2 protein chains.
Amino acid sequence: MSRTPHHPAREQIELPLVLDCLSDPIRLAIVYQLAQQERVSSELRCGDFNGLAGKSNLAYHFAKLRESGLMLTRVVGTNRFMRLRREDLEARFPGLLDAVLCSAAKDADRLQLSVECEVVEAD
Amino acid sequence: MSRTPHHPAREQIELPLVLDCLSDPIRLAIVYQLAQQERVSSELRCGDFNGLAGKSNLAYHFAKLRESGLMLTRVVGTNRFMRLRREDLEARFPGLLDAVLCSAAKDADRLQLSVECEVVEAD
DNA sequence: CAATTAGTTCAAGAACTATTGAACATTGTA
DNA sequence: TACAATGTTCAATAGTTCTTGAACTAATTG
C-alpha cells in the first residue's frame, strides 16, 4: 500500500469526471458531509461515513472522489483524513461546488442527506 | 409516435439525474450548444447536432436530456425544436447551470466544444 | 508477538450505459 | 400516390459501474 494515494494536479481536474462523481447519491452525500465539516475547520475520517454504505463500497467511492479531484486524503497512522479540494475546485470551476451543495441542501430530504445540526464536532 | 414527448414537471427534476446528464461529454456539448443558441433567442433542431454522434445515438441522448428535465422538445412537422429549461433549472438549482456552462466554456478546447462564434443564426 | 483497528484491494456478479444499424413512423412535397 | 426528409424505437453488443464479501496491508495496543 503506497503511503499517500494519488491525487490529480489542479489543472488535471476534469469537469465531466467531477459531475459524474457528484451524480452518485452516495458520493454526493459524502461531499455534502465534508462540506458541512469544513464549517468547523476539521477533516473527517473514512469511518465517519459508515452509515452511508459498507466499508469496501465506501473505499470504492473514496477512490473515485480522490481521482476526480474532489477531495484530498491525508494518511495519519491507520486513519485517513479527508477534505474537499475547495480552492482547486473554485479555481477550475468557479461557483460550481457551491451551486451543487446549495442545490443538494434544498433537496436534503429527497436526497437523504444529514441535516446541518448533525455536523460532527472537532476534537 | 406520441405527438409530444414526456417532460418532467419542474418539481420532479432531480439533482443526481441532472448532474449525470451533464457528465456525459456528448450531452454536455448538446447543452452547451443550446445555451449558445439561447443568446440569439432561437431553438435548435436535432439535425443541428449531427456532428456530435450518429442519429440514433443522438436520439438516445436527447431522451436522457428531456427526461432529466434539462431540455424541452417541441414537435413541429417532421422537426423537433429543442431548448434549455433554464427557468425551471434556475428555480430548482440556482446558479448550477451557469456554473457548469462557464466551467465548460473555460475548458472548451479540452471538451471539444464549438466555440462562441459558431452559433447557428436564426432564420 | 498476537490481537485489534482502520481501511484498501481483489474477484465476481448484477445492473446499467453508450453505441450501432435496421426498421419504423410522421410529415412534407413532387 | 409515391418519395424524400426528419427523427424515433428496437435489438444486439461492448463496456462500464456499483455492490458485496473475503483477503489483505499497515499501524497501534496489550
Side-chain angles (χ1 to χ4, degrees), chain A residues 1-7 14 16-31 33-34 43-68 70-83 111-112 120 123, chain B residues 1-7 14 16-31 33-34 43-68 70-83 111-112 120 123:
Chain A
M1 200 182 295
S2 68
R3 297 301 311 281
T4 301
H6 174 257
H7 295 86
E14 303 279 358
L17 226 51
V18 165
L19 294 174
D20 183 55
C21 255
L22 294 169
S23 75
D24 180 276
I26 291 182
R27 289 192 294 262
L28 182 58
I30 293 169
V31 167
Q33 217 161 312
L34 286 173
E43 297 157 305
L44 285 175
R45 287 174 310 133
C46 297
D48 294 322
F49 300 94
N50 284 338
L52 292 175
K55 268 176 33 157
S56 63
N57 193 12
L58 281 179
Y60 166 76
H61 288 300
F62 292 150
K64 286 224 137 191
L65 287 166
R66 241 190 300 106
E67 287 157 15
S68 76
L70 268 165
M71 72 178 207
L72 200 129
T73 302
R74 192 167 61 92
V75 179
V76 178
T78 74
N79 294 287
R80 265 120 170 120
F81 289 95
M82 304 185 305
R83 60 188 148 93
L111 298 170
Q112 297 182 297
V120 177
D123 294 336
Chain B
M1 202 184 295
S2 68
R3 299 301 310 281
T4 303
H6 174 257
H7 295 86
E14 305 278 359
L17 225 52
V18 165
L19 294 174
D20 184 56
C21 255
L22 295 168
S23 75
D24 180 277
I26 291 183
R27 289 193 292 263
L28 182 59
I30 293 170
V31 167
Q33 217 161 311
L34 286 172
E43 297 157 306
L44 286 175
R45 288 175 309 132
C46 296
D48 292 323
F49 300 94
N50 283 339
L52 293 175
K55 269 175 34 157
S56 62
N57 193 12
L58 281 179
Y60 165 76
H61 288 301
F62 293 150
K64 288 224 133 190
L65 287 166
R66 242 191 299 107
E67 287 157 15
S68 76
L70 268 165
M71 74 176 205
L72 200 128
T73 302
R74 193 167 61 90
V75 179
V76 178
T78 74
N79 294 290
R80 266 122 170 118
F81 289 95
M82 303 184 305
R83 59 187 146 94
L111 299 170
Q112 296 181 299
V120 177
D123 294 337

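Only a predicted model underlies this, so the values are computations on that prediction, with no experimental measurement involved. Letters A, B, ... are given to chains in the order of the sequence lines, protein chains preceding strands, and every chain is numbered from 1.
Rounded to an integer number of Å, the gap from A:Glu43 CD to C:dG7 C1' is 16 Å. For the pair B:His6 NE2 and D:dT9 P, the computed distance is 13 Å after rounding to whole Å. We find that CD of A:Glu67 is positioned 13 Å from C1' of C:dT9, with the value rounded to whole Å. A straight line from CZ of A:Phe81 to C1' of D:dA27 spans 13 Å, rounded to a whole angstrom. Atom P of nucleotide D:dG7 and atom NZ of B:Lys55 are separated by 8 Å, given to the nearest angstrom. As rounded to whole Å, 15 Å separates atom C1' of D:dT6 from atom CG of B:Leu44. Rounded to an integer number of Å, the gap from B:Phe62 CZ to C:dT19 C1' is 15 Å. Rounding to whole angstrom units, CE of residue B:Met82 and P of D:dT8 are separated by 8 Å.
Note on B:Asn79: only backbone sugar-phosphate atoms sit closer than 4.0 angstrom, heavy atoms only; bases stay farther off. When heavy atoms are screened at a 4.0 angstrom cut-off, A:Ile26 is found touching the sugar-phosphate backbone but no base atom.
Map B:Leu58 and A:Thr78 each onto its nearest nucleotide of DNA chain D; the residue landing nearer the 5' end is B:Leu58. Take the nearest nucleotide of DNA chain C for B:Lys64 and for A:Asn50: the residue whose nucleotide is more 5' is A:Asn50.
A donor-acceptor contact under 3.5 Å is formed by the side chain of B:Ser56 with the base of C:dG21.
Here the side chains of B:Leu58 and B:Ile30 are in contact, with some heavy-atom distance below 4.5 Å. A heavy-atom distance below 4.5 Å is not found between the side chains of A:Leu70 and A:Lys64. Looking at heavy atoms from C-beta onward, A:Pro5 lies in side-chain contact with A:Val75 at the 4.5 angstrom threshold. Looking at heavy atoms from C-beta onward, A:Leu22 lies out of side-chain contact with A:Arg27 at the 4.5 angstrom threshold.
For D:dT19, one of the phosphate oxygens OP1 or OP2 lies less than 4.0 angstrom from a side-chain nitrogen or oxygen of A:His61. Under 4.0 angstrom from either OP1 or OP2 of C:dT26 there lies no side-chain N or O belonging to B:Arg80. Taking only side-chain nitrogens and oxygens, A:Arg27 comes nearer than 4.0 Å to OP1 or OP2 of D:dC18.
In terms of modelled atom types and a separation under 3.5 Å, the side chain of A:Arg80 and the main chain of A:Cys46 share no donor-acceptor contact.
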